[in-house]
Trainee: 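Starting off with a structure, shown below.
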Number of protein chains: 2
Amino acid sequence: MQATREKILDAVFKLVYINGYNGTSMAMILKECAIPKGSLYHYFKSKKEMVLSVVKERIHPRMNEFYQLDVEENVEGIDTIISSIYKVSKKELLVSYGCPLNRLNQEMSPVDKDFEEAINLIYNSLRKKIEVLLNNSSLIEGVDAESLSEFIIATVWGSISLSPKQSSQKRYLATINHLINYLKSLKI
Amino acid sequence: MQATREKILDAVFKLVYINGYNGTSMAMILKECAIPKGSLYHYFKSKKEMVLSVVKERIHPRMNEFYQLDVEENVEGIDTIISSIYKVSKKELLVSYGCPLNRLNQEMSPVDKDFEEAINLIYNSLRKKIEVLLNNSSLIEGVDAESLSEFIIATVWGSISLSPKQSSQKRYLATINHLINYLKSLKI
DNA sequence: TATAAAATAGACCATTCAGTCTGTTTTAAG
DNA sequence: CTTAAAACAGACTGAATGGTCTATTTTATA
């Protein structure tokens, strides 16, 4: 049944989000979704393949949902970016647990090529969207859209990765406000 | 012998830096430093205690060495910060493997209070140093030193955590250049 | 030089790990 | 209704895990 597979992906996403890849055992997963081992290994041939599926089928869509970076008619691209950054502060889980993609990236990318690849795919698609939005904006001269898009992601992800330390989204907003200031200063 | 303890800490730092906490086994550590188990457990009562010692005795000094953030006579604090950020790009390991503190933070802080505490201590000391330097600067009115210090760390750490994806320090510099621009715009 | 403490040494242990194996039940197609 | 494939079920396996235990060697000190 397809529902079983989805149930497994949900459980794995949740546990890996909190405990990381190596911190999550198959026993924990089995217990969380109350599914026998035979069933799980019917859908996934290994733990690694399973978590990679989570990256593609759970984390990727989640990132697209969190960062609403699609081009809108009659809206300056850079304003879409700014409002997207604000909206992130409303996502409590994200601000209090950190970014699931970045968490997994820190743990797995240096150590496993397949994870690095799957994670880079998501990172690049987000970065590219931001670059497109920047190119759809009236900016002062000499602004490099590519490095600026990297700067934006680096700052937002950095802020989120530190925000669990800081008590709340208030802190995230105070931090991120500097980024917004900078972005506004680049508008014509 | 004290040298044995130091050797162990070096090996653990290296392996945990690359593989993470849960990705590094005692067997790997023992092999790396070619020391029998009895000796190792003579110096450390557990893996966790050992890695916490690495945080305090290896990572903390390393961070202070990497980020040279001490107040200098006749130098604007903000210029010290800017040159420190530039200097980070010279540290190849940092830019190509990511920040060891941030790596461990992402993996362990959400899951273990002791790690969270030890890591926060370092984070706060760095942040405070930056705040002091900002207060030692002639900045335009209305700049909040606390949130700005958080913003600086978030951006630098974010850039470093993404820099392994980007081939080189060139990319780190291009990204971080936006931060420098912003900081310069805050000077009187 | 005698003696206790510090340090080295590695065999050993219980537990947990990811993954396999052999069935049984359910579902869908002819 | 028959039959094959899909799905469920969980006992079992070998390797790896962090940690213990006992014994020996080295070092420092009285």
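These numbers come from the heavy atoms of this one structure, side chains and all, not from hydrogens, waters or symmetry mates.
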Trainee: Regarding A:E131 and A:K128, does a basic nitrogen lie under 4.0 Å from an acidic carboxylate oxygen?
Mentor: yes
Trainee: Do the side chain of A:S83 and the main chain of A:T80 share a donor and acceptor less than 3.5 angstrom apart?
Mentor: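 Yes: the side chain of A:S83 pairs with the backbone of A:T80.
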Trainee: Tell me: CD1 of A:I8 to C1' of D:dA9, nearest whole Å?
Mentor: 13 Å
Trainee: Considering only D:dC8, C:dA18, D:dT17, which nucleotide approaches the side chain of A:T4 most closely?
Mentor: D:dC8
Trainee: To the nearest angstrom, how far is A:E49 atom CD from C:dA18 atom P?
Mentor: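 Rounded to the whole Å, the gap is 15 Å.
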Trainee: What contact category does B:S39 fall into here, base, sugar-phosphate, or nothing, at under 4.0 angstrom with non-hydrogen atoms?
Mentor: base
Trainee: Could you tell me how far apart B:F44 (CZ) and C:dT8 (P) are, to the nearest whole angstrom?
Mentor: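 Nearest whole value for this atom pair: 12 Å.
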Trainee: Under the side-chain contact (heavy atoms from CB on, under 4.5 Å) test, which residues partner A:D70, sequence neighbours left out?
Mentor: A:K129
Trainee: How is B:K37 classified with respect to the nucleic acid when contacts are heavy atoms under 4.0 Å: base, sugar-phosphate, or nothing?
Mentor: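 Counting heavy atoms under 4.0 Å across all strands, the contact made by B:K37 includes a base.
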Trainee: Does anything in residues 35-83 of chain B pair up under ring pair (Phe, Tyr, Trp, His ring centres under 6.0 Å), and if so which pairs, sequence neighbours excluded?
Mentor: none
Trainee: For the side chain of B:P36, starting at C-beta, report the closest nucleotide among C:dA18, D:dA9, C:dT8.
Mentor: C:dT8
Trainee: What class does the angle between the rings of A:H178 and B:F151 fall in, given that below 30° is parallel, 30 to 60° is tilted and above 60° is perpendicular?
Mentor: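 Taking B:F151 first and then A:H178, their aromatic rings sit tilted (interplane angle of 30° to 60°).
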Trainee: Rounded to whole angstrom units, what separation is found between the CE atom of A:M50 and the C1' atom of C:dC17?
Mentor: 13 Å
Trainee: Grab the CE-C1' distance between A:M26 and D:dA16 for me, whole Å please.
Mentor: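 Atom CE in A:M26 sits about 16 Å away from atom C1' in D:dA16.
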Trainee: Look at the side-chain N and O atoms of B:S25 and state whether any lies under 4.0 Å from the OP1 or OP2 oxygen of D:dT17.
Mentor: yes
Trainee: Starting at atom CG of A:L40, determine the distance to atom P of C:dC17, rounded to an integer number of angstrom.
Mentor: 15 Å
Trainee: Tell me whether the OP1 or OP2 atom of C:dA7 has a side-chain N or O from B:H42 closer than 4.0 Å.
Mentor: yes
Trainee: Just the rounded figure in Å: distance from C1' of C:dC17 to NZ of A:K31.
Mentor: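 About 17 Å, once rounded to whole Å.
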Trainee: Can you check the B:K47 NZ to D:dG18 P distance for me, whole Å?
Mentor: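 After rounding, the gap between these two atoms is 4 Å.
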Trainee: Hey, is the side chain of B:Y43 poking within less than 4.0 Å of OP1 or OP2 on C:dT8, counting only N and O atoms?
Mentor: yes
